[in-house]
Student: 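One structure, pasted below without further comment.
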Amino acid sequence: MDEKALTPPALNTPHPWSKTLVEALLPFVTPRTYRKGIRLDFLEANTPVCRLILSGSVEVHRTADHLLVVRAPSFTILGLGVTGSYIITAEPCKIATLPLVEVHQHIQELGLWEVLAKHMVVVSSKLFSYSRQLSAPTAYEVICSQLIELMHESESLRKTLSVERFIRDRTHLSRSSIMKILADLKLGGYISIENGRLIAIHHLPQKY
């Protein structure tokens, strides 16, 4: 397996277009504070809405099977084009909500269609990357891609995340299969795990 082939931009990598859109929309919103573990959908009273993450972070889940797709940081705008998903606050957050039609209206008035287009290009690229990760031909390749994703998280966050749970929440793999492959990688010196937390990736072999 080519490790570089598994590293198209990390799903949680921030980009400037989302932040630009959030900052432009701030004058039109009233933020609310949410505690950890609150679910928010992208429909309110059958009206499509956008969620502006102003502080904290949220987890984006697929509605069909509740798989965790990505952790979205602050100054992210969600709900512009992706359907079939919802978010759960991963920590205390400040989030603002705007109907999608109003977001489009403000983008028109502020001349931000180019920024929106660039934002959607990044979103599309990340969705393709996510799809490729989940459709990898073997459980080993799926796990390797998730290990690489986890390494893109901050060190402080990795210290709070069980690597096995991180992978299981994002895939259809069983706990036993994940634990076996992780144990073999650790035994071979390919990764470092302490107390269930991923410390480092040294080298991921092409074949398992």
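For the single chain, residues carry numbers from 1 onward in sequence order. A quick note: this is a predicted structure, and the numbers were derived from the prediction, not measured.
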Student: Indicate whether the side chain of Thr138 and that of Glu141 have a donor and an acceptor atom separated by less than 3.5 Å.
Tutor: yes
Student: Can you tell me how far NZ of Lys19 sits from NE2 of His15, rounded to the nearest 0.5 angstrom?
Tutor: 12.5 Å
Student: Hey, what else clusters with Tyr86 if you join Ile, Leu, Val, Met, Phe, Trp, Tyr whenever side-chain heavy atoms sit under 4.5 Å?
Tutor: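 Direct or chained contacts put Tyr86 with Ile88.
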Student: Rounded at 0.5 Å granularity, tell me how far CD1 in Ile201 sits from OG in Ser192.
Tutor: 10.0 Å
Student: Would you list the pairs meeting salt bridge (charged side-chain N to carboxylate O under 4.0 Å, His left out) in which at least one residue belongs to residues 102-116, sequence neighbours left out?
Tutor: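 Qualifying pairs, neighbours excluded: Glu114-Lys118.
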Student: Between Val70 and Lys126, is any pair of side-chain heavy atoms under 4.5 Å apart?
Tutor: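 No, too far: nothing below the 4.5 Å cut-off.
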Student: Suppose the criterion is salt bridge (charged side-chain N to carboxylate O under 4.0 Å, His left out): which pairs have a residue in residues 163-173, not counting sequence neighbours?
Tutor: Glu164-Arg168, Glu164-Arg175, Arg165-Asp169
Student: Do you know which two heavy atoms are closest between Pro73 and Ser57, and how far apart they sit?
Tutor: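 Taking every non-hydrogen atom into account, CA-CB, 4.1 Å.
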Student: Nearest 0.5 Å please: distance from the CD1 atom of Ile167 over to the CG atom of Leu150.
Tutor: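 Going from CD1 on Ile167 over to CG on Leu150, the span is 7.5 Å.
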Student: Less than 4.5 Å apart, any side-chain heavy atom of Ser74 and any of Leu54?
Tutor: no
Student: Can you get from Leu100 to Val115 by hopping between Ile, Leu, Val, Met, Phe, Trp and Tyr side chains that sit under 4.5 Å apart?
Tutor: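 Yes, one cluster joins them.
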Student: Considering the options Leu98, Leu116, Val29, which one meets the side-chain contact (heavy atoms from CB on, under 4.5 Å) requirement together with Val103?
Tutor: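 With Val103 as partner, Leu98, Leu116, Val29 yield a single side-chain contact (heavy atoms from CB on, under 4.5 Å), made by Leu98.
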Student: Which heavy-atom pair separates His202 from Ala200 by the least distance, and what is that distance?
Tutor: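 The pair with the smallest heavy-atom distance is CE1-CB, 3.9 Å.
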Student: Hey, could you give me the CG/CD1 distance between Leu78 and Ile95, rounded to the nearest 0.5 Å?
Tutor: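 Separation between the atoms: 8.5 Å.
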Student: Rounded to the nearest 0.5 Å, what separation is found between the OG1 atom of Thr76 and the CG atom of Leu52?
Tutor: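 Going from OG1 on Thr76 over to CG on Leu52, the span is 9.5 Å.
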Student: Do Ile77 and Leu80 touch side chain to side chain, with heavy atoms closer than 4.5 Å?
Tutor: yes
Student: Using ring-ring contact (aromatic ring centres under 6.0 Å, His included) as the criterion, list what pairs up with Phe28, not counting sequence neighbours.
Tutor: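 Scan of Phe28 (ring-ring contact (aromatic ring centres under 6.0 Å, His included), adjacent residues dropped) gives His106.
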Student: Val60, Leu67: one ILVMFWY side-chain cluster at the under-4.5 Å cut-off?
Tutor: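 Linked within one cluster.
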Student: Which atom pairs, one a donor and one an acceptor, fall under 3.5 Å between side chains of residues 35-43 and the rest of the protein, sequence neighbours left out?
Tutor:
{"unit_1": "Arg39", "atom_1": "NE", "unit_2": "Asp41", "atom_2": "OD1", "d": "3.1"}
{"unit_1": "Arg39", "atom_1": "NH2", "unit_2": "Asp41", "atom_2": "OD1", "d": "3.0"}

Student: Would you give the length of the straight line joining atom CG of Leu198 to atom CD of Glu149, rounded to the nearest 0.5 angstrom?
Tutor: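 Between atom CG of Leu198 and atom CD of Glu149 there are 12.5 Å.
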Student: Any side-chain heavy atom of Trp17 sitting closer than 4.5 Å to one from Leu112?
Tutor: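 Sidechains of Leu112 and Trp17: no contact.
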Student: Please enumerate all residues that pass side-chain hydrogen bond (donor to acceptor under 3.5 Å, both in side chains) together with Ser176, with sequence neighbours excluded.
Tutor: Ser174
Student: Name the atoms and distances for all side-chain donor-acceptor pairs under 3.5 Å in residues 178-186, with sequence neighbours left out.
Tutor:
{"unit_1": "Lys180", "atom_1": "NZ", "unit_2": "Asp184", "atom_2": "OD2", "d": "3.2"}
{"unit_1": "Lys180", "atom_1": "NZ", "unit_2": "Tyr208", "atom_2": "OH", "d": "3.2"}
{"unit_1": "Asp184", "atom_1": "OD2", "unit_2": "Tyr208", "atom_2": "OH", "d": "2.4"}
{"unit_1": "Lys186", "atom_1": "NZ", "unit_2": "Ile193", "atom_2": "O", "d": "3.2"}

Student: For residues 72-93, which residue pairs qualify under salt bridge (charged side-chain N to carboxylate O under 4.0 Å, His left out), counting only residues two or more places apart or in two chains?
Tutor: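 Every candidate salt bridge (charged side-chain N to carboxylate O under 4.0 Å, His left out) pair involving residues 72-93 fails, so no pair, neighbours aside, qualifies.
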Student: Going only through I, L, V, M, F, W and Y residues with side-chain contacts under 4.5 Å, is there a path from Leu26 to Ile107?
Tutor: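 Yes, one cluster joins them.
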Student: Return yes if some donor-acceptor pair links the side-chain N/O of Arg158 with the main-chain N/O of Glu153 below 3.5 Å, else return no.
Tutor: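 Judged by distance alone, yes, a pair lies under 3.5 Å.
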Student: Only counting residues at least two apart or in another chain, list the ones meeting side-chain hydrogen bond (donor to acceptor under 3.5 Å, both in side chains) with Ser156.
Tutor: Ser154
Student: Enumerate the ring pair (Phe, Tyr, Trp, His ring centres under 6.0 Å) contacts for residues 174-196, please, sequence neighbours excluded, ordered by first and then second residue.
Tutor: none
Student: Is there a donor-acceptor pair under 3.5 Å between the side chain of Thr20 and the backbone N or O of Pro16?
Tutor: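 Answer holds: yes.
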Student: If you take all heavy atoms of Ile53 and Gly56, which pair is closest and at what distance?
Tutor: CG2-O, 4.0 Å
Student: State plainly whether one hydrophobic cluster holds both Val49 and Phe75, where clusters connect Ile, Leu, Val, Met, Phe, Trp and Tyr through side-chain heavy atoms under 4.5 angstrom apart.
Tutor: no
Student: Keeping to residues at least two apart or across chains, list the salt bridge (charged side-chain N to carboxylate O under 4.0 Å, His left out) pairs with something in residues 53-62.
Tutor: Glu59-Arg71, Arg62-Asp65
Student: By side-chain hydrogen bond (donor to acceptor under 3.5 Å, both in side chains), which residues pair with Gln108, not counting sequence neighbours?
Tutor: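 Once residues adjacent in sequence are excluded, the partners of Gln108 under the side-chain hydrogen bond (donor to acceptor under 3.5 Å, both in side chains) criterion are Trp113.
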Student: Answer yes if Phe128 and Leu68 sit in the same cluster of Ile, Leu, Val, Met, Phe, Trp and Tyr residues linked by side chain heavy atoms under 4.5 Å apart, and no otherwise.
Tutor: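 Looking at the clustering, Leu68 is in a separate group from Phe128.
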Student: Stepwise, does the salt bridge (Lys or Arg N to Asp or Glu O under 4.0 Å) test hold for Glu155 with Arg197?
Tutor: CA-CA 10 Å; Glu155 182 179 356; Arg197 274 53 176 172; over 6 Å; no
Student: Do His61 and Ser85 have a side chain donor and acceptor closer than 3.5 Å?
Tutor: no
